Undergrad: 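Provided herewith is a single structure, encoded as structure tokens, for subsequent inquiry.
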Amino acid sequence: MADKDGMERKVYLLPKELVDRIKIYQKDAGLPSEVEAARRLLNEALQSRDNMVQILLQVRDSFKRLRNLRSVAKDVLIEHFNIKNIEFHDDHIFFETKNGERAVIVDNTCDELYDRRGPRAQYLNVSGVDKSHYFGSSLLTDDDFEEEDPLDVWD
């Protein structure tokens, strides 16, 4: 069960060699505890597996809480292990993953045809297929990331 800070206590049995490596990482990184060292290592390992859809789901969840694209970029993108490049513009944020997937999040778009308003994320995956998803008044479910959407902001 998670506590008020969203933390959950877990106990894992680890080989001594792995614990020794975590202690070395803790010392080298100047971290205050083994727990923080293990937390950072796990986070980096999991982030290194994230593809663009998984990153955009994190962006969407962060936007639900923060409602501001720059705050979302700070919360999700700035220190994400798999993000290679981020560009901030007046009305959008562009970012790219280490494997070449690219995305742009456009602030305050309005598409009357689909009755969608609010921020929209458009991404281009490694096979060159582009998709578009809204994060505003029609916040998406996970299934929405599987559907094609012909809207294009890459012009």
Side-chain angles (χ1 to χ4, degrees), residues 2 5-10 12 14-15 17-109 118-136 138-155:
D5 295 330
M7 298 292 208
E8 189 170 328
R9 181 175 300 276
K10 293 288 184 182
Y12 297 99
L14 302 172
E17 296 81 22
L18 186 57
V19 173
D20 291 343
R21 290 179 67 196
I22 292 171
K23 288 178 183 178
I24 291 169
Y25 174 79
Q26 173 197 356
K27 182 182 175 192
D28 291 348
L31 299 174
S33 68
E34 285 179 46
V35 171
E36 181 60 26
R39 185 180 298 126
R40 288 192 188 185
L41 288 167
L42 284 169
N43 189 49
E44 286 181 12
L46 292 170
Q47 284 183 351
S48 71
R49 299 180 43 132
D50 285 348
N51 62 28
M52 184 60 77
V53 170
Q54 292 162 325
I55 293 169
L56 286 174
L57 287 171
Q58 294 169 38
V59 166
R60 180 200 62 196
D61 291 343
S62 180
F63 183 79
K64 286 180 184 178
R65 286 183 288 111
L66 302 174
R67 309 302 290 181
N68 177 286
L69 289 183
R70 287 188 177 266
S71 297
V72 168
K74 180 180 177 187
D75 185 46
V76 176
L77 302 175
I78 296 292
E79 293 185 13
H80 194 288
F81 185 81
N82 219 13
I83 298 296
K84 173 181 161 184
N85 181 36
I86 303 173
E87 296 175 14
F88 293 90
H89 300 270
D90 290 341
D91 64 345
H92 68 280
I93 298 171
F94 168 86
F95 62 97
E96 181 178 11
T97 62
K98 290 179 180 177
N99 71 350
E101 294 176 304
R102 298 174 302 196
V104 63
I105 304 173
V106 180
D107 198 6
N108 296 321
T109 59
R120 176 177 60 168
Q122 175 97 19
Y123 72 97
L124 184 67
N125 65 20
V126 289
S127 61
V129 177
D130 66 348
K131 297 184 177 187
S132 179
H133 305 288
Y134 281 82
F135 289 82
S138 57
L139 291 170
L140 302 175
T141 65
D142 295 351
D143 294 338
D144 292 327
F145 277 93
E146 302 303 320
E147 298 176 9
E148 288 284 338
D149 192 335
L151 301 173
D152 189 3
V153 296
W154 292 100
D155 297 339

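The first residue in the sequence is number 1, and the count goes up from there. Predicted model, so just to flag it, every value in this text is computed and none were measured.
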Undergrad: Can you tell me how far the CG atom of Leu18 sits from the CD1 atom of Ile22, to the nearest 0.5 Å?
TA: 4.5 Å

Undergrad: Let me know which of Ile105, Asn85, Ile86 forms a side chain to side chain contact (heavy atoms under 4.5 Å, CB included) with Phe94.
TA: Asn85

Undergrad: Assess whether side-chain hydrogen bond (donor to acceptor under 3.5 Å, both in side chains) is satisfied between Ser62 and Asp75, documenting all intermediate values.
TA: CA-CA 7 Å; Ser62 180; Asp75 185 46; 2.7 Å; yes

Undergrad: State whether the number of non-hydrogen atoms from other residues, nucleotides or ligands found under 6.0 Å of Lys98 atom NZ is greater than 12.
TA: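 Count over threshold, so yes.
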
Undergrad: Run the ring pair (Phe, Tyr, Trp, His ring centres under 6.0 Å) test against His80 and tell me which residues pass, sequence neighbours left out.
TA: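 Here no residue qualifies.
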
Undergrad: Do Asn99 and Lys84 touch side chain to side chain, with heavy atoms closer than 4.5 Å?
TA: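 Side-chain contact under 4.5 Å: no.
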
Undergrad: Can you tell me how far the CG atom of Leu69 sits from the CZ atom of Phe63, to the nearest 0.5 Å?
TA: 5.5 Å

Undergrad: I'd like to know if the side chain of Glu101 and the backbone of Met52 have a donor-acceptor N/O pair within less than 3.5 Å.
TA: yes

Undergrad: Working to the nearest 0.5 Å, report the span between CZ of Arg60 and CD of Gln58.
TA: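 Interatomic distance, Arg60 CZ to Gln58 CD, rounded to 0.5 Å: 10.5 Å.
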
Undergrad: Counting only heavy atoms not in Arg65 (residues, nucleotides, ligands), do more than 12 fall under 6.0 Å from its CZ?
TA: yes

Undergrad: For residues Ala37 and Gln26, report the shortest heavy-atom separation together with the two atoms involved.
TA: CB-CB, 3.7 Å

Undergrad: Can you tell me how far apart NZ (Lys23) and CG (Leu31) are? Round to the nearest 0.5 Å.
TA: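 Those atoms lie 14.5 Å apart.
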
Undergrad: Are the side chains of Tyr12 and Lys10 in contact, using a 4.5 Å heavy-atom criterion?
TA: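 Touching, per the 4.5 Å side-chain cut-off.
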
Undergrad: With sequence neighbours excluded, what pairs up with Glu36 under the side chain to side chain donor-acceptor pair (under 3.5 Å) test?
TA: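 Side chain to side chain donor-acceptor pair (under 3.5 Å) list for Glu36, sorted by chain: Arg39, Arg40.
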
Undergrad: What distance separates Asn82 CG from Gln54 CD, expressed to the nearest 0.5 Å?
TA: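 Nearest 0.5 Å value for the CG-CD distance: 9.5 Å.
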
Undergrad: Counting only heavy atoms not in Glu79, do more than 12 fall under 6.0 Å of its CD?
TA: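 No, the 6.0 Å shell around CD holds no more than 12 heavy atoms from other groups.
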
Undergrad: If we only count heavy atoms from C-beta on, is the Phe95 to Arg102 side-chain gap below 4.5 Å?
TA: no

Undergrad: I'd like to check Val104 versus Glu87 (side-chain heavy atoms, cut-off strictly below 4.5 Å). Are they in contact?
TA: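 Val104 does not reach Glu87 side chain to side chain.
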
Undergrad: Any side-chain heavy-atom pair from Leu77 and Ile55 closer than 4.5 angstrom?
TA: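 Result yes, sub-4.5 Å side-chain heavy-atom pair found.
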
Undergrad: What distance do Asn68 atom CG and Lys74 atom NZ have between them, rounded to the nearest 0.5 Å?
TA: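 Separation between the atoms: 11.0 Å.
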
